[in-house]
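For reference, the structure discussed in these notes is given below.
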2 protein chains.
Amino acid sequence: MEDEVDRLVAAWRRERPDLDVEPLEVLSRVSRLARHLDRARRLAFSEHQLEPWEFDVLTSLRRAGAPYQLSPGQLLTQTLVTSGTMTNRIDRLTKKGLVERLPDPSDRRGVLVRLTPEGRDRADEALAGLLAQERAILAQLSRGQRGELAALLRQLTAPFDNVPG
Amino acid sequence: MEDEVDRLVAAWRRERPDLDVEPLEVLSRVSRLARHLDRARRLAFSEHQLEPWEFDVLTSLRRAGAPYQLSPGQLLTQTLVTSGTMTNRIDRLTKKGLVERLPDPSDRRGVLVRLTPEGRDRADEALAGLLAQERAILAQLSRGQRGELAALLRQLTAPFDNVPG
DNA sequence: GAAATATATCTTGATTTCAAGATACTTGAT
DNA sequence: ATCAAGTATCTTGAAATCAAGATATATTTC
């Protein structure tokens, strides 16, 4: 079945036959799929009164394991937002009672962000819902294809995830 | 090579062994890679004094072919933003002289957005730069792997691109 | 051909994000 | 010990996005 990127690539080949637009076959699909997923997530989380950004922070803490705490810096590498954004997110989650800030005992510059019991419950509920939705989207592919796809994507993400940047 | 999603999945399997988190192997990689690509694009476009959102609108018009015009509604399906966002984008691009609004001769509710000659040049310059950068990112994969990856992604994007939603 | 429904775009107000730089503490070199 | 450089987080102000609803025009139904 054709998708929007097929049409986009065909259009470029007509308009700019001098350029090799093959990279778009992969990377435009990644960007567009991510936007579709964002919309779907927003919808799925609204049942739990959670925004996607809240889910991202809460689940990062949740999967760290008890006592469910990380530094803001660790949260940055998990969520790929800027430090100003993370400060703001922690402020808002604190007001909602889903996380709390504690001083880092080993570094007085530092802070630890800890999930409250309610924050933990909310994260657990929303995760189950998200997985159900994602499973439906991935039903397009066989188990083997999902494995292949994951492996190919890993080759593209690994360089980003393993450099200072 | 391991990536952040490998660590994330391992953490969930430790914390929530009762859940099947296999969907994250694919879809978390898609979301994270898209964020990395956004950052890289922002950097690449800054050489041309263009924001990613400007690029998205200008190139949608550019590849429509002469006379380089589309309705706001058509731009919505290409860029996956809301109508309020698109109105705002067209306003700002108009102020910068990169696009102009024309009345749609066949529908008095409608408007056509047309690329100016400068807008067209800016789109062409930035596209060449983007393709070079994307080629570097994709050098991780062989030509055959890139083809496979594109085909697998198409299966996931097609359902989104071919329904009313 | 009038009313009801649908479509296309824009407006509004609140929310979220980012880039840049400020502040406070820590570490390393001498 | 002191000073310079590095690190961790927060502050600020501007820019961009979204959801919801308003407005104007088209289309369908009866």
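Excluded from the calculations below are hydrogen atoms, water molecules and symmetry mates; all remaining heavy atoms, backbone and side chain alike, are included.
- Counting to the nearest Å, the C1' atom of D/dT17 and the CG atom of A/Asp38 are 12 Å from each other.
- Expressed to the nearest 0.5 Å, how far OG1 of A/Thr157 lies from CZ of B/Arg35 amounts to 15.0 Å.
- When distances run from any side-chain atom of A/Pro72 to the nucleotides C/dT26, D/dC18, D/dT9, the shortest one goes to D/dT9.
- The side chain of A/Arg35 contributes an N or O atom lying less than 4.0 Å from OP1 or OP2 of D/dC18.
- The CG-P distance, from A/Asp107 to D/dT9, rounds to 8 Å in whole Å.
- Relative to the side chain of B/Arg108, the nucleotides D/dC18, D/dT9, D/dA26 differ in distance, and D/dA26 lies closest.
- Nucleic acid contact for A/Gly73: sugar-phosphate only, since backbone atoms but no base atoms lie under 4.0 Å from a heavy atom of the residue.
- Using a 4.0 Å cut-off, some side-chain N or O of A/Arg101 falls inside it from OP1 or OP2 of D/dC10.
- With rounding to whole Å, B/Leu70 atom CG is found 11 Å from C/dT9 atom P.
- Distance CG (A/Leu76) to P (D/dA8): 10 Å, rounded to an integer number of Å.
- Here the CZ atom belonging to A/Arg114 is positioned 11.5 Å from the OH atom belonging to A/Tyr68, to the nearest 0.5 angstrom.
- As judged by a 4.0 angstrom heavy-atom cut-off over every strand, B/Asp104 is placed among residues making no nucleic acid contact.
- One finds a side-chain N or O of A/Thr85 lying less than 4.0 angstrom from the OP1 or OP2 phosphate oxygen of C/dC18.
- Among pairs with a residue in residues 111-139 of chain A, none fulfils ring pair (Phe, Tyr, Trp, His ring centres under 6.0 Å), at least two apart in sequence or across chains.
- Positionally, the nearest nucleotide of DNA chain D for A/Thr87 lies more toward the 5' end than for the other of B/Ser83 and A/Thr87.
- Side-chain N/O atoms of A/Trp53 include one lying less than 4.0 angstrom from OP1 or OP2 on C/dT16.
- Note that A/Arg92 lies in the cation-pi zone of A/Trp53, set by a 6.0 Å cut-off to the ring centre and a 45° limit from the axis.
- Counting distance only, with no hydrogens placed and no angle test, the side-chain atoms of B/Arg109 and the base atoms of C/dT7 include a donor-acceptor pair under 3.5 Å.
- As a whole-Å value, the separation of A/Asn88 CG from D/dA14 C1' is 14 Å.
- The side chain of A/Arg92 places an N or O atom within less than 4.0 Å of a non-bridging phosphate oxygen (OP1 or OP2) of C/dT16.
- A straight line from CE of A/Met86 to C1' of D/dT7 spans 17 Å, rounded to a whole angstrom.
- Side-chain proximity of B/Thr82 to D/dA19, D/dA8, C/dT17: nearest is D/dA19.
- Atom C1' of nucleotide C/dT15 and atom NZ of A/Lys95 are separated by 12 Å, given to the nearest angstrom.
- Residues B/Leu70 and A/Trp12 share a single hydrophobic cluster, defined by chaining ILVMFWY side chains whose heavy atoms lie under 4.5 Å apart.
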